[in-house]
Every structure is written in C-alpha cells, then in structure tokens.
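A quick write-up on the structure given underneath.
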Amino acid sequence: EGRFQHTEDEVVGLAQDGLVSMQYSQADGSPERTYPGNPNGSAGGLAGLTSEDGRVTIMMPHPERVVLDSQLSYRPSGTTRSTPWMALFDNAWRFVTGY
C-alpha cells in the first residue's frame, strides 16, 4: 500500500536533512497523522522523499491516477473537469517552461 514504515524520529531526521519533499498536512500546516487526511498512515504524514542531489523524487499517492473529476470517489459540488491533483502537473509544466 505504499506505507512508509519508519518512526516519527526517523522522519524528523529526514526533514532536517532536507529530504522530505511532500507531507500530508492539516490546515495549520502541521503533519497529518490520521486517516483520511493521511490515507497511508505514514509516520509524520510523510508523502514524498527526494534524493540528496534533488534529482529523484518518490511519492505516494499517485496523482496521475485521478486527474479527471469523474475518477474521484467523492466530488464536491462545483468541481471542474480536472481534479486538484492536476495542479501538481500544471505547476511543474509552468516551472519547466517558464509560463
């Protein structure tokens, strides 16, 4: 299921080393530790890591699986054709192309 099997202390160490690229978070920015905000139950809300040189990033969940609103299990009223996950790809494209 992609669960990151490490302790909270190990995740803090990874964060201090600048290797945490994504975290499930609460509205106040603190790590989300419980379901449904942290669907994997990962320590420290960890959702992604990056290599020391920043060339490789691994992540869970898989946003490419739900880019259309029809793929969502729950759709709030007023949603558009694409899901909020699509912003990840839009922002990456803008960063790389400069648009």
Side-chain angles (χ1 to χ4, degrees):
E1 291 297 319
R3 184 172 295 164
F4 188 70
Q5 299 283 347
H6 293 282
T7 66
E8 294 278 334
D9 289 340
E10 290 171 320
V11 173
V12 168
L14 291 168
Q16 289 172 344
D17 292 341
L19 301 178
V20 173
S21 61
M22 292 183 220
Q23 257 181 324
Y24 296 107
S25 61
Q26 298 182 25
D28 65 2
S30 62
E32 177 62 72
R33 291 177 169 81
T34 60
Y35 183 85
N38 179 346
N40 300 344
S42 60
L46 189 65
L49 293 171
T50 189
S51 61
E52 289 180 358
D53 63 7
R55 296 179 62 199
V56 176
T57 298
I58 59 171
M59 64 179 283
M60 181 69 176
H62 295 277
E64 74 279 3
R65 294 184 182 173
V66 286
V67 294
L68 301 176
D69 68 352
S70 60
Q71 296 169 303
L72 294 173
S73 57
Y74 167 74
R75 270 190 290 188
S77 61
T79 57
T80 60
R81 181 165 155 64
S82 61
T83 69
W85 287 108
M86 193 61 191
L88 179 79
F89 301 103
D90 290 340
N91 290 337
W93 181 81
R94 287 185 185 106
F95 178 81
V96 170
T97 62
Y99 287 106

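Here Met60 contributes atom CE and Tyr24 contributes atom OH; the two are 6.5 Å apart, rounded to the nearest 0.5 Å. The line from CG of Leu46 to CG of Asn38 is 9.0 Å long, rounded to the nearest 0.5 Å. Taking OG of Ser21 as the reference point, atom CD1 of Ile58 lies at 8.0 Å (rounded to 0.5 Å). Interatomic distance, CD of Glu64 versus CZ of Phe89, reported as 5.5 Å (0.5 Å rounding). Annotation: the span from Leu49 atom CG to Met59 atom CE amounts to 11.5 Å, rounded to 0.5 Å.
Thr50 places no side-chain N or O within donor-acceptor distance of the main-chain N or O of Leu19, the cut-off being under 3.5 Å.
Leu68 and Met86 fall within the same hydrophobic cluster, where Ile, Leu, Val, Met, Phe, Trp and Tyr residues are linked whenever their side-chain heavy atoms come under 4.5 Å apart, directly or through other members.
For the pair Ser51 and Arg55, the tightest heavy-atom approach, listed with the atom from each and the gap, is OG-N, 3.3 Å. In terms of heavy atoms, Gly44 sits closest to Pro31 at O-CB, 3.3 Å. Taking both residues in full, the closest heavy atoms of Trp93 and Thr97 are given as O-OG1, 2.7 Å, listed atom of the first, atom of the second, then distance.
Asp9 and Thr7 share no donor-acceptor pair across their side chains, judged by distance under 3.5 Å alone.
Counting heavy atoms from C-beta on, the side chains of Ser25 and Glu32 never come closer than 4.5 Å.
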